[in-house]
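Notes follow once the structure below has been shown.
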2 protein chains.
Amino acid sequence: MGDETTTGDHYHHGNLRTALLDSALEVLTESGVAGFSMREAARRAGVSQSAPKHHFGDARGLLGALATRAYRQLCDRLEALELDGHDVRDRVGALAAEYVAFAGQNRALFDLMWRMSQFDYTDPELAEQKHRALRALDRGLRGGDAELPDDDTDPALVPSYAVWSLVHGYTTLALEGAIDSSNPDPLAHDLLPAMLALLNLPAPASHS
Amino acid sequence: MGDETTTGDHYHHGNLRTALLDSALEVLTESGVAGFSMREAARRAGVSQSAPKHHFGDARGLLGALATRAYRQLCDRLEALELDGHDVRDRVGALAAEYVAFAGQNRALFDLMWRMSQFDYTDPELAEQKHRALRALDRGLRGGDAELPDDDTDPALVPSYAVWSLVHGYTTLALEGAIDSSNPDPLAHDLLPAMLALLNLPAPASHS
DNA sequence: GGCCGATCTACTCACTGTCAAGATGTACGG
DNA sequence: CCGTACATCTTGACAGTGAGTAGATCGGCC
């Protein structure tokens with residue numbers, strides 16, 4: 001790790017910032033948000049306890065940067081999906097599956113992402129990435145080439161909000177154990193598509 | 001859980017358990033889950049730092065008891081709603097509104113409720129109350145006198161899961177700021193009903 | 001009265017986040 | 001080549017936390 005701009009990794013680490021983000025992610029994954037320790041993250045990066053201060057300020061800053069990076073990764077994955085030429089339901093289903101998959105593969109990170117307001121962490125980029133997630137969902141709903149309303153309160157966005165709410169709610173409830181998603185019963189596995197099928201989605205604006 | 005038996009609140013507090021729950025709720029409300037302190041809760045109850053140990057074991061036990069009580073309150077409120085004789089959409093709308101209202105009035109508590117798995121807190125009663133919430137929603141969906149399936153994987157429950165997911169997702173997204181619910185725009189205020197209107201809900205089993 | 005168990009306190013420990021000061025390296029202008 | 005400004009990292013300290021252990025205090029019951 002850290003062979004970039006390595007002028008000599010003795011005292012000046014070179015890119016401590018990303019190294020700290022990585023070790024912090026490791027700690028977070030192992031111990032969860034509740035058991036997270038900034039000192040432990042610094043320890044694993046092979047650096048002193050107060051080294052993070054210069055890069056992130058405090059623990060909120062570290063976790064906030066981690067959450068922001070996570071938002072970017074999630075949005076990247078959602079935007080990278082090949083959605084063209086399918087039915088609306090297929091596109092939404094694919095987006096939903098990706099959303100749930102990301103949450104399942106990054107449980108602690110996913111938890112953190114929706115807890116930043118509790119840390120009074122208000123980063124403009126974080127808000128922007130949340131925005132981006134909604135846009136990705138909306139793009140899947142109305143097709144890639146359709147124009148997107150630039151007003152967040154545009155009534156045309158209601159279906160997107162509905163999909164997001166339903167998928168997000170299912171994800172959190174399932175991760176929390178309120179909905180038993182580990183059940184081998186086929187219903188559990190197909191529950192999300194079944195629920196999405198109950199939604200009246202608008203006809204695609206353009207279908208080529 | 002006797003109320004008082006207050007033989008004299010000098011050394012033996014009488015009902016320290018509930019007093020601690022109250023002060024813990026106070027601390028939680030003020031500082032959130034992240035800033036919660038068991039010592040502070042004990043302090044406000046006018047008792048030593050390790051007094052909670054005998055009643056709750058550790059901090060997880062205290063928060064768990066708090067969350068369990070919160071689940072009971074939420075379920076009580078949902079079940080107390082007068083739902084008879086209305087349309088399905090009215091009933092679901094009323095339940096949803098109550099759900100959101102509870103979350104808004106008890107933000108920290110509501111957050112805590114869906115975080116207990118992070119604390120490895122597995123209380124049978126807590127699971128039972130989660131169950132109860134689903135039942136309350138399902139009752140609203142199919143009318144009070146309709147029979148409820150006793151299998152959680154019954155396909156007939158899919159609409160209930162869908163409503164729960166959508167409402168819960170909207171609530172958490174709104175509380176987190178991903179959906180701007182403080183917007184004065186009427187859409188924001190009517191967003192939840194508008195989204196619920198997109199759901200294909202089954203015809204009520206019995207309508208009298 | 002005298003014991004016993006439940007309840008609460010006092011003390012301790014390892015750990016955490018945060019801060020202030022200082023050490024160490026790098027970059028740059030002379 | 002030197003030295004000074006700056007970013008970066010370390011050391012040491014502090015208050016606060018959750019969690020144990022031992023002991024004090026009270027009520028009830030024989």
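Within every chain, numbering begins at 1; the chains are lettered A, B, ... in the order of the sequence lines, protein sequences first and strands thereafter.
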(message) Is the distance from the ring center of A/His168 to that of A/Tyr161 below 6.0 Å?
(response) no

(request) Enter the distance from A/Leu21:CG to A/Leu25:CG here, rounded to the nearest 0.5 Å. (result) 8.5 Å

(message) Angle between the two end axes of the helix from C/dG1-D/dC30 to C/dG30-D/dC1, five base pairs per end, rounded to 10 degrees?
(response) 10°

(request) For the side chain of A/Leu16, starting at C-beta, report the closest nucleotide among D/dC9, D/dT10, D/dG12. (result) D/dC9

(message) Any donor-acceptor pair, under 3.5 Å, between the side chain of B/Ser50 and the base of D/dA19, if you only look at N and O atoms?
(response) no

(request) Dump the intermediate steps for side chain to side chain contact (heavy atoms under 4.5 Å, CB included) on A/Gln129 and A/Met113, then the final yes or no. (result) CA-CA 11 Å; A/Gln129 296 295 331; A/Met113 289 167 66; over 6 Å; no

(message) Can you identify which nucleotide, out of D/dT11, D/dT17, D/dA19, has its nearest atom closest to the B/Arg43 side chain?
(response) D/dT17

(message) Does A/Arg44 form a salt bridge (Lys or Arg N to Asp or Glu O under 4.0 Å) with A/Glu40? I'd like the steps, not just the answer.
(response) CA-CA 6 Å; A/Arg44 300 206 188 182; A/Glu40 177 65 22; 2.9 Å; yes

(request) Salt-bridge test for A/Asp123 and A/Arg60: reply yes if a basic N is under 4.0 Å from a carboxylate O, no otherwise. (result) no

(message) For A/Phe102, is there any backbone N or O sitting under 3.5 Å from a side-chain donor or acceptor partner on A/Asn106?
(response) yes

(request) May I ask you to evaluate whether B/Ser37 reaches the phosphate of D/dT17, defined as a side-chain N or O under 4.0 Å from OP1 or OP2? (result) yes

(message) Distance criterion of 3.5 Å, no angle test: do you see the side chain of B/Glu40 paired donor-to-acceptor with the base of D/dG16?
(response) no

(message) Regarding A/Arg139 and A/Glu79, does a basic nitrogen lie under 4.0 Å from an acidic carboxylate oxygen?
(response) no

(request) Can you tell me the distance, in whole Å, between the CD atom of B/Gln49 and the P atom of D/dG20? (result) 13 Å

(message) Check this for me: B/Arg135, atom CZ, are more than 12 non-hydrogen atoms of other residues, nucleotides or ligands nearer than 6.0 Å?
(response) yes

(request) Measure from the side chain of B/Arg39, starting at C-beta and using heavy atoms only, and say which of D/dA19, C/dG17, C/dT9 lies closest. (result) D/dA19

(message) Contact list please: residues 51-58 of chain B against DNA chain C, heavy atoms, distance less than 4.0 Å, in numerical order.
(response) B/Ala51, B/His54, B/His55

(message) Using a strict threshold of under 4.0 Å (side-chain N to carboxylate O), is an ion pair present between A/Asp22 and A/Arg69?
(response) yes

(request) Nearest whole angstrom, please: distance from the P of C/dT18 to the CZ of A/Phe119. (result) 11 Å

